[in-house]
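Have a look at the structure below, then the notes.
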Amino acid sequence: MEEKEESVGLSGTCEEDGDDEFKWWEKENNDDSVKWVTLRHNGVMFPPEYEPLPSHVRLYYDGKAVELPPEAEEVAGFFAALLESDHAKNPVFQRNFFNDFLEVLKRYGGAKNGVEVSSFDKCDFSKMFEYLQLQREQRKQLSPQEKKQLKLEKDQLEEPFKYCYLDGRKEQVGNFRIEPPDLFRGRGAHPKTGKLKRRVYPEDVVLNMDKDAAIPDPPAGHKWGEIRHDNTVQWLCMWRENISNSFKYVRLAANSSQKGMSDFKKFEKARELKKYIDIIRSDYRRSLKSKVMLERQIAVATYLIDVFALRAGGEKSEDEADTVGCCSLRYEHVTLKPPFTVIFDFLGKDSIRYYQEVEVDKQVFKNLTIFKRPPKQPGHQLFDRLDPSILNKHLQNYMPGLTAKVFRTYNASKTMQDQLDLIPNEGSVTEKIVRYNAANRAVAILCNHQRTLGRGHAASMQKANEKLEEYQWQKIRYKKAILQLDESELKKNPKYFKEIKDLTKEEQMAIHKRVIEREREKYKRKFTRENEKRKFDKEELLTDSQLKSWLDDVDELEKQYAQELETDEIVLKPTLLNVEKLKAQVEKLEQRIATSSIQLKDKEDNSTVALSTSKISYIDPRLSVVFCKKYNVPLEKIFTKALREKFKWAIESADENWRF
DNA sequence: AAACAGACTTAGAACGATTATT
DNA sequence: AATAATCGTTCTAAGTCTGTTT
């Protein structure tokens, strides 16, 4: 304990922790080649060692239990844990996993009981899977106190790594944990998906800190790979991963001054583009007709990046998923439909599909036709003279630091501002938030930010739809009942009763069935639950005849509905046999139908759009701050706690008149 | 100018916590 | 009170872009 204190305590010199905050946004700072003067931290947290499974939990091969060496068992366990996921069904994932698994198995001497494992199809991971599931269940079942205790222990273990001292200021570290070994979960059709991501040891890790900083002790029996003192970079720790041989970094958290400054600079750069956008646009429109092919390609690419918010699109290697951006678009990704319609259909970042049928500028259409002319064919680059570095160099002629991605930030924030400007300053806070989210959604759609539908999405959609249908049915029943009570109502307002014929017999029957079934379930559940409770309280149990009497009531209701269907005579509780009361009920139902269908539509519209990425990375947070101030919406309705910390600079610096 | 290494931002999935619903 | 739906956070993969080397 004391030791930890000491090494971080060497923060030394400067300010106290806590109150006097560093308001970097109030200071002028243009040079960011040097990121810090002093940097001190306690290194990184390593994942726990592997704990072998109990001996009765085994991989089965061709029906026989396999005694795996722990190193191989760990890898098999990674697969077993994913057994019910899509990964485990992916043949590439299976093959990559199995190759690496066999290699580990061989390296550690094969199965201890001599079982020769060679075919994936003969492996049965289900026992391992069940055990892992059970453990998860048990963890969930723990009492609140036990959970609290575990959390406390976890926090204590993490404490030394959560913070660092940067120029004497205490700042939060982002990902202070070394990534644990696992199977690589590449997105889309990644050729390496399923490969073993190996365990990282201190020997693999480079620490970055100032020269006078105390070097934290590596875990017992280990040494650090290297200690570096590079103050031109932001990272605290780094290691090389074995899947694509690139680096992983430990850096500061999103709420740190460093990240905040970068963020601020990003948005200021995007705002700077305002000054140049008109000339850039008129230039690329002119260059669409240039005699030089390269210039035409630059013009079309800039147009696509500006108008459709495409990414730059760098070249990718053979052993990554085949995804593209603007410069790497190929022949088959663009379909031309005269006179001006273009269909884009390709996989972008994270293998998210970009599909848009759009009208484009006449000359853009012409140029795309030229770019696709024979001998070009599927597989060929559309922009064969172009790559992001050429494009970015061209953009930098207009504005220092301008690159393709700045257009995404610029257009996203511009769109948000324009959308927010359209919102009338009226109505409830909830209504204003709905409007804000609609503006946010416009940005997310521009950037093609998607999310895959959750597991239960289709089901919950259907449920909501059925509910709506049932409201409608109930409403019609009440209207019919009104006419039974007083036929003259029909003449008074024929329109009001028009919808009583809207549901067919079949539809009504289906609704009856659902309503009845739900009632039955309700009573059955009520019965079991009540008895469990009574058993616990040592009270007398409800008898089966009690349940039966409830269910008989439901049967009765079922008969009644069937009867209604036959005779078209509605039977209602005596208390409801009153025209005014029924009309009030109808009114209530109409309200419910209105709100439910709006919610339903909202849910549907939102189901495949992810709002968070644009909120976190593209929309200048000052826009949201200004919106909240002007429209009197509490900021915490728009920004979560984490986002309020990340955007502290924006919250404290934007006044009501701020414009992007 | 191409290829590569390095360092940073942006991205959706997974998971855990919280809130709404029954 | 249990269960389902939603929200918020964590995790790490997958981009962009710069600078260096050949």
Side-chain angles (χ1 to χ4, degrees), chain A residues 32 35 81-82 85-87 136 139-140 147 151 174-180 182 184-188 190 192-193 197 206 208 230 232-235 238 240-241 243-249 251-254 258-259 262-263 265-266 311-317 320-321 323-328 347-352 387-393 395-396 401-406 408-409 412 444 447-452 454-457 459-461 463-464 467 518 521-522 525-526 528-530 532-533 603 606 608 610-618 639-643 646:
Chain A
D32 62 357
K35 317 281 179 175
L82 295 173
S85 74
D86 289 343
H87 292 297
R136 281 182 62 169
R139 234 170 296 142
K140 253 195 275 179
K147 280 184 187 162
K151 174 97 168 55
N175 52 329
F176 50 82
R177 225 185 288 275
I178 294 277
E179 291 176 20
D182 201 352
F184 172 69
R185 279 123 118 147
R187 313 252 170 94
H190 198 300
K192 292 190 173 180
T193 195
K197 192 168 85 168
V206 182
N208 192 31
D230 183 354
T232 67
V233 293
Q234 295 190 352
W235 53 267
M238 153 192 123
R240 198 184 276 280
E241 52 88 33
I243 300 295
S244 55
N245 209 26
S246 63
F247 294 121
K248 298 276 191 171
Y249 299 91
R251 356 169 134 265
L252 293 183
Q258 286 199 352
K259 291 277 195 177
S262 313
D263 225 24
K265 282 186 176 138
K266 172 183 76 184
R311 297 186 183 83
E315 207 194 340
K316 295 191 73 188
S317 81
E320 296 173 274
T323 63
V324 298
C326 183
C327 295
S328 48
L347 298 182
K349 183 178 180 181
D350 292 301
S351 294
I352 296 294
D387 66 32
S389 97
I390 294 170
L391 185 65
N392 286 337
K393 251 177 221 134
L395 293 174
Q396 275 155 25
L402 183 59
T403 60
K405 85 193 263 285
V406 180
R408 263 169 86 83
T409 314
C447 296
N448 199 40
H449 291 145
Q450 299 187 14
R451 53 183 182 151
T452 43
R455 274 191 168 215
H457 175 77
S460 96
M461 241 16 224
K463 213 169 132 189
K467 194 107 184 238
R518 193 148 3 102
E521 288 305 315
K522 193 176 89 186
R525 260 205 310 270
K526 184 176 166 181
T528 0
R529 197 173 310 146
E530 180 67 23
E532 268 165 23
K533 188 172 157 253
K603 195 171 161 180
N606 256 337
T608 58
L611 302 190
S612 60
T613 304
S614 50
K615 192 187 263 189
I616 291 167
S617 299
Y618 286 101
F639 288 153
T640 62
K641 183 163 156 281
L643 279 189
K646 170 178 157 100

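Below, chain A is the first sequence line, B the second, and so on; all start at residue 1. The analysis underlying the following values was restricted to heavy atoms, covering all of them including side chains, and did not include hydrogens, waters or symmetry mates.
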Phosphate OP1/OP2 of [N]: any [X] side-chain N/O under 4.0 Å:
| X | N | answer |
| --- | --- | --- |
| A:R311 | B:dA11 | yes |
| A:Q396 | C:dT18 | yes |
| A:K641 | C:dT9 | no |
| A:T613 | B:dG12 | yes |
| A:S612 | B:dG12 | no |
| A:R187 | C:dT12 | no |
| A:T403 | C:dT16 | no |

From A:D263 CG over to A:K646 NZ, what is the distance, rounded to the nearest 0.5 angstrom?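 It comes to 4.5 Å.
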Starting at atom [atom1] of [X], determine the distance to atom [atom2] of [N], rounded to an integer number of angstrom.
| X | N | atom1 | atom2 | answer |
| --- | --- | --- | --- | --- |
| A:R451 | C:dG8 | CZ | P | 13 Å |
| A:F247 | B:dC4 | CZ | C1' | 11 Å |
| A:R240 | B:dC4 | CZ | P | 13 Å |
| A:F176 | C:dT10 | CZ | P | 9 Å |
| A:L643 | C:dT10 | CG | P | 12 Å |
| A:K646 | C:dG8 | NZ | C1' | 15 Å |
| A:D387 | B:dA1 | CG | C1' | 10 Å |
| A:K265 | B:dC8 | NZ | P | 12 Å |

With nearest nucleotide decided by heavy atoms, which residue, A:R408 or A:D230, maps closer to the 5′ end of DNA chain B? A:D230
Closest nucleotide of DNA chain B for A:S262 versus for A:K151: which of these residues is on the 5' side?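 Looking at DNA chain B, the more 5' nearest nucleotide goes with A:S262.
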Taking the side chain of [X] as its heavy atoms from C-beta onward, which of [options] lies nearest to it?
| X | options | result |
| --- | --- | --- |
| A:H449 | B:dT10, C:dT12, B:dA11 | B:dA11 |
| A:R136 | C:dC17, B:dC15, C:dC11 | B:dC15 |
| A:K197 | C:dC17, C:dT12, C:dA14 | C:dT12 |
| A:N392 | B:dT9, C:dC17, B:dT10 | C:dC17 |
| A:V233 | B:dG12, B:dC8, B:dG6 | B:dC8 |
| A:T640 | B:dC15, C:dG8, C:dG15 | C:dG8 |
| A:Y618 | B:dT10, C:dT18, B:dC8 | B:dT10 |
| A:K405 | B:dA14, B:dT10, B:dC8 | B:dT10 |
| A:N175 | B:dC8, C:dA14, C:dT12 | C:dT12 |
| A:A642 | B:dA7, B:dT9, C:dT9 | C:dT9 |

Report yes or no: is there a donor-acceptor pair, N or O only, under 3.5 Å between the side chain of A:K349 and the base of B:dT10? yes
Less than 4.5 Å apart, any side-chain heavy atom of [X] and any of [Y]?
| X | Y | value |
| --- | --- | --- |
| A:E320 | A:S244 | no |
| A:N208 | A:M238 | no |
| A:T613 | A:C447 | no |
| A:L82 | A:R185 | yes |
| A:T403 | A:Q396 | yes |
| A:E241 | A:F184 | no |

Starting from the 5' end of DNA chain C, give me the residue, A:S389 or A:R185, whose nearest nucleotide shows up first.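 Taking each residue's closest nucleotide, the earlier one in sequence belongs to A:R185.
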With a 4.0 Å cut-off on heavy atoms, is [X] in touch with a base, just the backbone sugar-phosphate, or nothing at all?
| X | answer |
| --- | --- |
| A:G186 | sugar-phosphate |
| A:R177 | sugar-phosphate |
| A:I352 | sugar-phosphate |
| A:Q234 | sugar-phosphate |
| A:A321 | nothing |

When you measure from the side chain of A:D350 to the backbone of A:I352, do you find a donor-acceptor pair of N or O atoms at a distance under 3.5 Å? no
